[in-house]
Amino acid sequence: MTYEVKSLNEECGVFGIWGHPDAAKLTYFGLHSLQHRGQEGAGILSNDQGKLKRHRDMGLLSEVFKNPANLDKLAGTGAIGHVRYATAGEASVDNIQPFLFRFHDMQFGLAHNGNLTNAESLKQELEQRGAIFSSTSDSEILAHLIRRSHNPNLMGKIKEALSLVKGGFAYLLMFEDKLIAALDPNGFRPLSIGKMTNGAVVVSSETCAFEVIGAEWIRDVKPGEIVIIDDNGIQYDSYTNDTQLAICSMEYIYFARPDSNIHGVNVHTARKRMGAQLAREFKHEADIVVGVPNSSLSAAMGFAEESGLPNEMGLIKNQYTQRTFIQPTQELREQGVRMKLSAVSGVVRGKRVVMIDDSIVRGTTSRRIVKLLKEAGATEVHVAIASPALAYPCFYGIDIQSREELIAANHTVEETCQIIGADSLTYLSIDGLIDSIGIETDAPNGGLCVAYFDGKYPTPLYDYEEEYRRSLEEKTSFYK
Ligand code: SF4
């Protein structure tokens, strides 16, 4: 059971805290605001004076901790937590994080957001050297690398391990006497640090979690950085100097909550600017703007403001579909039983509608929404997408790793327009996207990864290289 809207899912969310008597409970509230980043499983690991305890299970956070005793038993002043959506490793409780590793001389916990691109080769190498993996998730690899390092001190071991894993990662590690946060050399995934009024330090995938627990944002973790948090405060260090910011642009487009800020840019504001830029690039006549709820509403606002067209609520989302176990059969669906979205005929009837959506993945959702609007009486439906066409797979933490799944990898704009039944189809340009987000940085592409759109990956693809090359030969590209 997931909240999946269009088969484009974030891998995970992480939250950590050090120095608060209610560490596990605050982690619960922090994770609650990160639930959109993963609904498959959740877990919290606490540090009770050096003793690590954990509870994890499949399902939403509220289901995992339905029994309050499961949270009460996690005493201690430090904690890390995780909400999971699986991209690597199957759906099983063994893959739910945080992981807990106990050795005769030490113990530590681990939570990971992202996807490693050299996981397969590292795993094979480690297994040949005798490692036994207890999950099929790539997140466990770092623990083996730390443990097997011959470096004489713990920080040396962690740095060595971090320099061996490739791809997109934001890690939280809980040791007996410290909490460690680390980010990959491109900072593909977001990770921010905050402080509570009692001095407790918090780390979160998104800043929206800080608001919920009354913490103040201090700064974002930098690419290649390692942050050590203990009773003496916060210490910033790095494990590599070979860094270049390339944060995932999909965080701004679709994944992150609108109230989060990433690298100084508020997500809602960025989406509004994408909508405004899309209006400047849009070349058709229309009467009203309708955003697809929920993630496209900010872009619709920006589009309406810029174009001068009224922004109307022409589509309503049922917020409770994820709690419904009874799904309509194909027959009932044909009779008009629609679970997720309804068109408001009183709003769209007789109107030329600009339908704003944040992205098109396979095209099936867009086709359904266009049909809904037309059945409700819209005379024309012009689809305007507040991001460029998704034509390449992601290897850094999003669950689409095959070009076959992407409609834009296999069809031109005209063909896609026809398939989804729209009167026109406009995508935001890549330059328009980069300008709209507007991170203050000198890094290429405005500090963004836009590989989903242009196929130019900021890093080598390691284990995925061959598979990716093969898929390029098989399919025609949208951009060629
Ligand atoms: S390829 Fe796309 S989804 Fe993946 S990190 Fe880059 S921008 Fe994000």
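Whatever order the structure lists them in is the order used to number ligands and atoms, beginning at 1. Only a predicted model underlies this, so the values are computations on that prediction, with no experimental measurement involved.
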Salt-bridge criterion met for R257 and E206 (N-O under 4.0 Å): no
Presence of salt bridge, R37 and E251, under 4.0 angstrom: yes
Which of the atoms in ligand 1, numbered in the order shown and given with their element, are less than 4.0 Å from a heavy-atom of S249? 7 (S)
Whether the D358 and S387 side chains hold a donor-acceptor pair (N or O, under 3.5 Å, no angle test) is what I'd like checked. no
Check this for me: E216, atom CD, are more than 12 non-hydrogen atoms of other residues, nucleotides or ligands nearer than 6.0 Å? no
S149 versus E160, side-chain donor and acceptor atoms under 3.5 Å: yes
So, at under 2.8 Å, which protein N, O or S atoms would a careful student list around atom 4 (Fe) of ligand 1? C394 SG
Can you list the steps and then say if F395 with Y464 is a ring-ring contact (aromatic ring centres under 6.0 Å, His included)? CA-CA 8 Å; F395 302 100; Y464 294 104; 4.9 Å; yes
